[in-house]
Colleague: 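Below is the structure I would like to discuss, written out as structure tokens.
Naming convention: chains lettered A, B, ... in sequence-line order (proteins, then strands); numbering from 1 in each chain. Please read all numbers here as calculations on a predicted model, not as lab measurements.
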There are 2 protein chains.
Amino acid sequence: MSAAKEILERLAGCPLPEWHLVEPSLRRKTLESGETLFLSGMACPYVYFVETGIIKMIYETCDGDAWVKAFAAEDRFFTSLAALLPGGVTSFSAVAACPASVESLPYHLLDQLGDKHPQWQRALRKGFELYGFRKEARERDLLTLSAEERYQRFIEEYPHIAERVTDRDIAGYVRVTPVALSRIKARIKLRQMEEKDAS
Amino acid sequence: MSAAKEILERLAGCPLPEWHLVEPSLRRKTLESGETLFLSGMACPYVYFVETGIIKMIYETCDGDAWVKAFAAEDRFFTSLAALLPGGVTSFSAVAACPASVESLPYHLLDQLGDKHPQWQRALRKGFELYGFRKEARERDLLTLSAEERYQRFIEEYPHIAERVTDRDIAGYVRVTPVALSRIKARIKLRQMEEKDAS
DNA sequence: ACCGCTCATTAACTCAGGTTAACTCTGACC
DNA sequence: GGTCAGAGTTAACCTGAGTTAATGAGCGGT
């Protein structure tokens with residue numbers, strides 16, 4: 001059973017017809033930690049499915065900083081929306097945050113199956129919906145939370161990711177420098193000690 | 001010709017069949033500046049189409065701050081994705097940033113028409129796609145740009161909005177306080193003066 | 001004309017975060 | 001075992017943004 005099939009059928013909420021049509025286009029790729037899956041600015045009309053490991057999606061700025069847009073761990077799918085549009089290119093890079101293996105499918109194939117079968121159409125719609133939903137949450141966090149709150153929320157919400165990636169990458173996600181993250185962690189620890197002493 | 005029809009057909013790229021079915025459900029509402037269209041946390045499974053004016057979507061934090069998620073001006077549609085899911089509620093409030101008039105359609109109706117006609121399905125898919133695309137751009141700006149850069153980009157990208165809303169709202173969008181925005185503007189003006197003097 | 005209101009600006013102060021650099025720890029490799 | 005590179009921590013200094021408060025401009029209502 002491929003990760004792609006499992007993820008897509010979970011989205012559809014039912015078995016997907018004509019899976020044999022996608023089988024030949026399914027590619028699996030294993031990545032070492034730090035290895036690049038795709039670079040920003042490339043044509044890359046694929047949807048990716050994480051089998052094992054963690055992929056980080058990063059925006060690189062002209063002065064060399066790299067900010068983490070999102071992590072995708074086991075059983076997640078991801079893609080660059082911008083790259084799915086005809087003639088489009090990726091707007092970020094995807095890099096393994098630890099050893100990982102991913103599957104990929106060309107989007108045009110999913111698109112075709114969507115036109116043929118309502119079950120596929122449903123999977124795609126749900127996929128876009130979920131994507132939008134996650135982006136909305138991320139946007140809200142970036143707008144309304146302080147750096148410290150973003151860090152706290154991240155380790156609460158994604159503990160299984162937090163313990164497997166470097167603090168450097170967590171800092172990139174929280175949108176602070178590694179030095180600042182270290183200070184934030186020290187501040188939190190200090191407060192916890194004080195609370196213990198008080199009680 | 002309603003704004004909703006115009007916007008949806010532009011998304012579909014073709015005329016939409018059975019428009020007479022949506023006509024009876026189309027509601028128009030005019031809002032004064034500062035009037036609320038819907039509040040965060042409400043059931044609100046509608047898609048809105050801006051006919052005239054500007055609507056701001058805001059996140060309110062528990063300590064009373066209001067951050068602007070996005071503006072929607074003439075010929076834009078918007079909705080709270082979270083509120084479209086069955087049993088879902090809005091995750092932000094929508095308020096008129098200047099006198100405005102909007103149309104609304106219940107999402108379930110669009111959903112039904114999507115199941116009946118590929119043209120409608122296409123309009124919805126394109127709608128979600130566009131929504132995701134915009135969210136992606138906003139996320140990137142918040143992650144990779146400084147406050148000053150976000151301000152500059154905003155007035156370059158949306159000059160027709162920038163000149164019609166208060167600096168207070170622009171500050172909320174740029175994610176700084178009005179005081180900080182005023183300083184940023186002063187800084188930019190100062191630099192422009194210096195450049196003129198030098199040349 | 002006057003009042004009261006909101007908005008924008010400016011200044012003074014505080015503080016969180018960026019920058020740089022030194023230091024430690026760990027693990028990989030020879 | 002020795003060495004080297006990368007990750008994380010800590011300190012010192014600087015900058016930009018939040019906070020508070022005072023001031024002025026514009027506007028609607030009386």
Colleague: Could you state the CG-P distance from B:Leu190 to C:dT10, rounded to the nearest angstrom?
Modeller: 11 Å
Colleague: Without decimals, in angstroms, what is the distance between A:Ile170 CD1 and D:dT9 C1'?
Modeller: 15 Å
Colleague: How close or far is atom C1' of C:dG17 from atom CD of B:Glu148, stated in whole angstroms?
Modeller: 17 Å
Colleague: Determine, for B:Tyr173 and B:Arg138, whether the Lys NZ or Arg CZ falls below 6.0 Å from the six-membered ring centre while staying within 45 degrees of the axis.
Modeller: yes
Colleague: Ignoring hydrogens and angles, are the base of D:dG8 and the side chain of A:Arg183 linked by a donor-acceptor pair under 3.5 Å?
Modeller: no
Colleague: Taking atom P of D:dA17 as reference, at what distance in whole Å does atom CG of B:Asp65 sit?
Modeller: 16 Å
Colleague: Check whether any side-chain N or O of B:Arg187 sits under 4.0 Å from OP1 or OP2 of D:dA17, and answer yes or no.
Modeller: yes
Colleague: Looking at A:Asp111 and B:Arg125, is there a salt bridge between them, counting it only when a charged N and a carboxylate O are closer than 4.0 Å?
Modeller: yes
Colleague: So B:Leu11 and B:Phe77, side chain to side chain contact (heavy atoms under 4.5 Å, CB included) or not? Walk me through it.
Modeller: CA-CA 10 Å; B:Leu11 279 173; B:Phe77 69 97; 4.1 Å; yes
Colleague: What is the distance, rounded to the nearest whole Å, between atom CH2 of A:Trp67 and atom C1' of C:dG17?
Modeller: 10 Å
Colleague: Under a 3.5 Å threshold, yes or no: a donor from one side chain and an acceptor from the other, between B:Ser40 and B:Glu60?
Modeller: no
Colleague: Kindly say if A:Thr177 contacts the phosphate of C:dG17, meaning a side-chain N or O under 4.0 Å from OP1 or OP2.
Modeller: no
Colleague: If you count heavy atoms of other groups shown closer than 6.0 angstrom to CZ of A:Phe49, is the number above 12?
Modeller: yes
Colleague: Check each of A:Arg28, A:Arg27, A:Arg76, A:Lys29 against A:Glu51 using the salt bridge (charged side-chain N to carboxylate O under 4.0 Å, His left out) test, and report the only one that passes.
Modeller: A:Arg28
Colleague: Would you call the rings of A:Trp120 and A:Trp19 parallel, tilted or perpendicular, where under 30° means parallel and over 60° means perpendicular?
Modeller: parallel
Colleague: Distances under 3.5 Å only, N/O to N/O: pair up the protein atoms with those of nucleotides 6-9 of chain C.
Modeller:
| from | atom 1 | to | atom 2 | distance (Å) |
| --- | --- | --- | --- | --- |
| C:dA8 | OP1 | B:Asp167 | N | 2.5 |
| C:dA8 | OP2 | B:Arg168 | N | 3.0 |
| C:dT9 | OP1 | B:Lys185 | NZ | 3.3 |
| C:dT9 | OP2 | B:Ser182 | OG | 3.3 |
| C:dT9 | OP2 | B:Lys185 | NZ | 3.4 |
| C:dT9 | O5' | B:Ser182 | OG | 3.3 |

Colleague: Under a 4.0 Å N-O cut-off, is there an ion pair linking B:Arg164 with B:Glu74?
Modeller: yes
Colleague: Restricting both atoms to N or O, compile the protein contacts to nucleotides 25-30 of chain D shorter than 3.5 Å, with distance only.
Modeller:
none

Colleague: Can you check the A:Arg175 CZ to D:dG16 C1' distance for me, whole Å?
Modeller: 13 Å
Colleague: Roughly how many Å is it from CZ in B:Arg191 to C1' in D:dG16, rounded to a whole number?
Modeller: 13 Å
Colleague: What is the distance, to the nearest angstrom, from the CG atom on A:Leu145 to the C1' atom on D:dG18?
Modeller: 17 Å
Colleague: May I ask you to check whether B:Phe71 and B:Tyr158 place their ring centres under 6.0 Å from each other?
Modeller: no
